[in-house]
Amino acid sequence: KENSSAFYPRIIITMTLCKKGEKVVIFLVDFENTHASGFEGYHYLTEQDTLVVYYSDENSALQKGVVEDLKEKAVHVRMVKLLKQHSNALDMYIASTTGMFLDTGEKICIVSKDKGYAAVRDFWHSLRGAEILLGETIEECFLHSVANDDERIRRAKERNQKVQLI
């Protein structure tokens, strides 16, 4: 008999204290469609953040330097592997766990090129007033934040401003 608990990925969230001016952010990365480009801006992550990477056997490789940097920064990294290939299966994992993570009270960012996550964001905003950030990269999530309530958001927006070369 198959172990039914094997079908449910276990994701553990630990609550930690933040540095002044920073908030805990939970990043849900749809690695299936962003691949390594979704990690652009990972240098903004801190030991308070949780990075949940949803992947499949077909897309499971990341640059060694990124992995080493995340370890050095002590970012909480959780891997969620697609168990059975179905249409939009990883999207369903991410949409489902978004609701679970809302109970932590932390800011959530969905990193994906899939525009369908706007429906997840809008649903949870209308139901609970949650600010769920969307972006194709980690940095874009910070740039799309309406609330400038985190030092890293302010820093990302400042660094992203255009300047005249003259």
Side-chain angles (χ1 to χ4, degrees), residues 9 11-16 18 21-56 58-63 66-67 69-70 73 75-82 86-162:
I11 303 170
I12 300 167
I13 297 299
T14 55
M15 305 302 281
T16 57
C18 296
E22 292 182 355
K23 296 194 176 263
V24 173
V25 182
I26 299 171
F27 293 88
L28 309 178
V29 180
D30 184 353
F31 196 72
E32 186 79 357
N33 81 9
T34 64
H35 309 282
S37 69
F39 282 78
E40 289 175 18
Y42 76 90
H43 57 277
Y44 288 112
L45 303 182
T46 68
E47 67 275 2
Q48 289 90 11
D49 296 319
T50 297
L51 181 67
V52 184
V53 182
Y54 299 83
Y55 72 101
S56 69
E58 295 176 18
N59 294 300
S60 60
L62 187 61
Q63 294 93 343
V66 173
V67 173
D69 290 349
L70 291 171
K73 293 169 125 326
V75 174
H76 301 277
V77 178
R78 305 288 179 252
M79 305 300 292
V80 179
K81 184 177 180 181
L82 177 64
H86 296 288
S87 178
N88 298 320
L90 276 179
D91 299 333
M92 297 303 106
Y93 283 20
I94 294 170
S96 298
T97 55
T98 297
M100 180 183 79
F101 288 124
L102 283 176
D103 287 338
T104 67
E106 310 303 351
K107 188 175 289 223
I108 297 172
C109 173
I110 299 174
V111 178
S112 180
K113 295 178 183 178
D114 187 337
K115 303 303 180 207
Y117 288 113
V120 174
R121 177 200 58 209
D122 296 346
F123 172 77
W124 285 113
H125 181 75
S126 69
L127 194 65
R128 304 215 6 219
E131 182 188 17
I132 297 174
L133 306 175
L134 303 177
E136 292 185 13
T137 67
I138 290 169
E139 184 172 41
E140 273 190 24
C141 284
F142 284 128
L143 296 175
H144 292 160
S145 178
V146 174
N148 288 327
D149 57 352
D150 186 301
E151 179 59 36
R152 296 170 299 168
I153 292 171
R154 291 187 289 274
R155 193 168 60 240
K157 288 182 175 183
E158 183 178 309
R159 291 180 56 83
N160 197 262
Q161 291 177 357
K162 305 284 188 234

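Remember, it's a predicted structure, so these values are computed and weren't measured experimentally.
In terms of heavy atoms, Asp114 sits closest to Ser112 at N-OG, 3.0 Å. Of all heavy-atom pairs between Gly41 and Ile138, the closest is O-CG2, 3.7 Å. The two residues Leu45 and Arg152 come nearest to each other via the heavy atoms CA-NH1, 3.9 Å. In plain terms, the two heavy atoms of Leu82 and Ala89 that are nearest each other are CD1-CB, 3.4 Å. Closest approach of Leu143 to Ala156, counting heavy atoms only: CD2-O, 3.4 Å. Of all the heavy atoms in Val120 and Ala95, the pair that sits closest is CG2-CB, 3.9 Å.
Here OG1 of Thr50 is found 9.5 Å from CG of Leu28. Values are rounded to the nearest 0.5 Å. To the nearest 0.5 Å, the span separating OG on Ser87 from CE on Met92 amounts to 8.5 Å. Between the CG atom of Asn88 and the CD1 atom of Ile94 there is a distance of 10.5 Å, given to the nearest 0.5 Å. Between atom CZ of residue Phe31 and atom NZ of residue Lys81 there is a gap of 13.5 Å, rounded to the nearest 0.5 Å. With rounding to the nearest 0.5 angstrom, the CG atom of Asn33 is 7.0 Å from the CG atom of Asp91. The CG atom of Leu134 sits 7.0 Å away from the SG atom of Cys141 when rounded to the nearest 0.5 Å.
More than 12 non-hydrogen atoms from other residues, nucleotides or ligands lie less than 6.0 angstrom from CZ of Arg128. Within 6.0 Å of the NE2 atom in His125, the count of heavy atoms belonging to other residues, nucleotides or ligands does not exceed 12.
Checked options Tyr55, Tyr54, Phe39; the residue passing with Val29 is Phe39 (criterion: side chain to side chain contact (heavy atoms under 4.5 Å, CB included)).
Donor-acceptor pairing under 3.5 Å is lacking for the side chains of Tyr117 and Thr98.
With sequence neighbours left out, Val67 forms a side chain to side chain contact (heavy atoms under 4.5 Å, CB included) with Leu62, Lys71.
Put simply, the side chain of Glu32 does not reach to within 4.5 Å of the side chain of Tyr93, judged on heavy atoms. The closest side-chain heavy-atom distance from Thr34 to Thr137 is not below 4.5 Å. Side-chain contact between Ile108 and Leu102 is present, with at least one heavy-atom pair separated by less than 4.5 Å. Side-chain contact check for Val52 versus Phe101: some heavy-atom pair is nearer than 4.5 Å.
A salt bridge does not link Glu158 to Arg155: none of the charged nitrogens lies less than 4.0 Å from a carboxylate oxygen. Between Lys107 and Asp49 no salt bridge is recorded (no basic side-chain N to carboxylate O distance below 4.0 Å).
A donor-acceptor pair is defined here as one N or O able to donate and one able to accept, closer than 3.5 Å; no such pair exists between the side chain of His76 and the backbone of Leu51. Side-chain N or O atoms of Lys157 include one that pairs as donor or acceptor with a backbone N or O of Ser145 at under 3.5 Å.
Here salt bridge (Lys or Arg N to Asp or Glu O under 4.0 Å) pairs that include residues 132-142, with residues two or more places apart or in two chains, are Lys115-Glu136.
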